[in-house]
Number of protein chains: 2
Amino acid sequence: MLSLAEENYLKAIYHLGKFGTISVSTNAIADKMATKASSVTDMIKKLAEKELVVYKKYQGAKLTENGRKLAASVVRKHRLWEVFLVEHLNFSWDEVHEVAEQLEHIQSEKLINQLDAFLEFPTHDPHGDPIPDKNGQIKKTDKVLLAQVKEHEHCMCVGVKDSSKEFLKYLDKHQIALGTQFKVLSKEAFDESMILEVHNKPLSISKVVSNNLFVKSNQ
Amino acid sequence: MLSLAEENYLKAIYHLGKFGTISVSTNAIADKMATKASSVTDMIKKLAEKELVVYKKYQGAKLTENGRKLAASVVRKHRLWEVFLVEHLNFSWDEVHEVAEQLEHIQSEKLINQLDAFLEFPTHDPHGDPIPDKNGQIKKTDKVLLAQVKEHEHCMCVGVKDSSKEFLKYLDKHQIALGTQFKVLSKEAFDESMILEVHNKPLSISKVVSNNLFVKSNQ
DNA sequence: ACAATTTTTTAGTCTTGTCTAAATTTTATT
DNA sequence: AATAAAATTTAGACAAGACTAAAAAATTGT
Ligand SMILES: [Mn+2]
Ligand SMILES: [Mn+2]
Ligand SMILES: [Mn+2]
Ligand SMILES: [Mn+2]
């Protein structure tokens, strides 16, 4: 049984280390968790003791298979709860994260399996992020950043890279949601801004935006 | 913002002190929370500091109006989650308590209000206990212990006093649930056992059972 | 290769919530 | 009223998780 703090550290290492495949530096973890490097060192040692991470002094931490599974289970819970909040409790996609941060720590196998069934086994959360299965596996999709799409091509919004409140509200304002269709009308070489056709109207977006929207090319 | 521990203490004092109306002894709290009296003393002092309880040395603690409201809000969340688990996630009434103990600490006004609406504003939890409203008010019902019912009278099961897994499973085994109709066929003076008519069949129950079932008389 | 800078660890402290053992106060009994 | 018993508080310690300041190791720049 893990403490709330331990679960949060595992999750941070999971996200920073590409699902636990690469080693993550103390400072990177401290940054992500808004804590201090010294606190991270302490915690990594405890996690290493429990064989959830491999830790070598000055070399950062990498998840073990066991650590990876536990982290994925926390992410699974987080994303399933986000789906619940949006689909059934009238939350918008910019409101769910804080609450899911709390709900992801509820301990009950039955709860999460029944929730999964109640939601009809969703594969993605409200931000387009994949939901790990019971074994902690995610099937990776072929999404690409909008910034990569060439002029005159059509694509569909399938996710956000930045899921901050601010960005999500910006998208709402421009009526961009998961499933929205884009056509790249033109790209400006100077500042890498783009003009899209969205809902039959032109929309100019900056590189910052196109770099934070995932899309799927229409064939 | 209260810590999880503080919320649990408030809840214990609320339940032991008749919704915060009477003072509760240190030992009683320690017992209910499976902790030690010295720990309780420490915590009561902190709660008194925050003006959530009134504390006089050697005289126990009583909730303030503010403490009562906060405790009721925790109880409200606990019971709403229990309804959700039973009505939508296929939990049985003996499985919900442990999970609700965790869920009751999730902090989000919107979450609990939306959950309330999603559940269509239930007034009672799966054990027949009343759900406090947003202001922490509960409307008390005129339920009575089955042990009090006279011979030949009819009544309906509306709640349990003991909501332990063991008792709830005993009731399941005998097909007794909220809403089940009883007729008191006879009462044995010797051991105060009772013979009921339930689902058109006679059932003999001990005083322990009749003392833990709440019923409403049929007029 | 060596100095300067950055990253990471260590040492020591703090807060929260818990515990045991001892002291104190209250309550019950004679 | 005095004493015994029970309840409560105090004192001191501990574990988890955080922090600051200082030391040590790794990295970077010349
Ligand atoms: Mn999230
Ligand atoms: Mn998400
Ligand atoms: Mn309960
Ligand atoms: Mn209940």
Side-chain angles (χ1 to χ4, degrees), chain A residues 1-17 20 22-63 67 70-71 74 98 101-102 104-107, chain B residues 1-17 22-63 67 70-71 74 101-102 104-107:
Chain A
M1 189 97 314
L2 296 177
S3 72
L4 190 142
E6 289 170 326
E7 288 194 341
N8 282 333
Y9 273 96
L10 287 182
K11 193 170 52 127
I13 299 170
Y14 179 86
H15 282 133
L16 291 167
I22 64 171
S23 198
V24 182
S25 81
T26 305
N27 260 6
I29 301 169
D31 260 32
K32 167 145 270 207
M33 303 196 59
T35 184
K36 296 300 155 83
S38 54
S39 307
V40 175
T41 303
D42 284 350
M43 181 56 93
I44 303 182
K45 284 178 178 170
K46 268 202 298 188
L47 295 175
E49 198 60 48
K50 298 188 175 185
E51 299 190 47
L52 299 174
V53 304
V54 177
Y55 168 58
K56 282 212 294 285
K57 266 195 195 178
Y58 296 98
Q59 315 238 134
K62 193 180 125 173
L63 293 177
L70 288 168
V74 176
E98 291 83 348
E101 283 291 306
Q102 300 178 60
E104 73 190 6
H105 301 291
I106 302 293
Q107 307 282 1
Chain B
M1 188 98 313
L2 295 177
S3 72
L4 190 142
E6 289 171 326
E7 289 194 341
N8 281 334
Y9 274 95
L10 287 182
K11 192 170 51 126
I13 299 170
Y14 179 85
H15 282 133
L16 291 168
I22 63 171
S23 197
V24 182
S25 80
T26 305
N27 260 7
I29 301 169
D31 259 31
K32 167 146 266 203
M33 303 196 59
T35 183
K36 295 301 156 84
S38 55
S39 307
V40 175
T41 303
D42 285 349
M43 181 56 92
I44 304 183
K45 284 178 180 170
K46 269 202 300 189
L47 295 175
E49 198 61 47
K50 298 188 176 185
E51 299 190 47
L52 300 173
V53 303
V54 177
Y55 167 57
K56 282 212 293 284
K57 265 195 195 179
Y58 296 99
Q59 316 235 133
K62 194 180 126 172
L63 294 177
L70 288 167
V74 176
E101 284 290 305
Q102 300 178 61
E104 72 189 7
H105 301 290
I106 303 293
Q107 306 283 2

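Labels below follow one simple rule: chain letters A, B, ... track the order of the sequence lines, proteins then strands, and each chain is numbered from 1.
Applying the 4.0 Å criterion to OP1 and OP2 of D:dC19, one finds that A:Thr35 has a side-chain N or O inside that range. Side-chain N/O atoms of B:Tyr58 include none lying less than 4.0 angstrom from OP1 or OP2 on C:dA23. The side chain of A:Thr26 contributes an N or O atom lying less than 4.0 Å from OP1 or OP2 of C:dT9. In this model, the phosphate group of C:dT25 is not approached by any side-chain N or O of B:Lys57 to a distance below 4.0 Å at OP1 or OP2.
Note on B:Ala37: a base of the nucleic acid sits closer than 4.0 angstrom, heavy atoms only.
Between the NZ atom in B:Lys32 and the CG atom in B:Asn8 there is a gap of 11.0 Å [rounded to 0.5 Å].
Taking 3.5 Å as the limit, the base of C:dT20 and the side chain of B:Ser38 contain a donor-acceptor pair of atoms between them.
A donor-acceptor distance shorter than 3.5 angstrom exists from the side chain of B:Gln102 to the backbone of A:Gln107, with no hydrogens or angles considered. Remark: the backbone N or O of A:Gln59 is paired with a side-chain donor or acceptor of A:Ser23 at under 3.5 angstrom.
Checking B:Thr35, B:Leu2, B:Leu4 one by one against B:Tyr9, the side-chain contact (heavy atoms from CB on, under 4.5 Å) holds for a single residue, B:Thr35.
Rounded to whole Å, the distance from CD1 on B:Ile44 to P on D:dT9 is 6 Å. Atom OH of B:Tyr55 is separated from atom C1' of D:dA7 by 12 Å (rounded to the nearest Å). If you take NZ of B:Lys56 and P of D:dT9, they are 13 Å apart, rounded to a whole angstrom. As rounded to whole Å, 8 Å separates atom P of D:dA11 from atom NZ of B:Lys45. Atom CG in B:Asp42 sits about 13 Å away from atom P in C:dT20, given to the nearest Å. In this structure, CG of A:Asn8 is placed 14 Å from C1' of D:dA18, rounded to the nearest angstrom. Straight-line distance from the CD atom of A:Glu6 to the P atom of D:dA16: 9 Å, rounded to whole Å. As a whole-Å value, the separation of B:Asn27 CG from C:dT24 C1' is 15 Å.
Residues A:Ser39 and A:Gln59 both approach DNA chain D. Their nearest nucleotides, taken by heavy-atom distance, put A:Ser39 toward the 5′ side. Toward the 5' end of DNA chain D, the nearer of the two residues A:Tyr9 and B:Val40, judged by each one's closest nucleotide, is B:Val40.
Residue B:Thr41 places its side chain closer to D:dT8 than to any other of C:dT8, D:dT8, C:dT10.
B:His15 has its side chain within reach of B:Lys11: a pair of non-hydrogen atoms, C-beta onward, lies under 4.5 Å apart.
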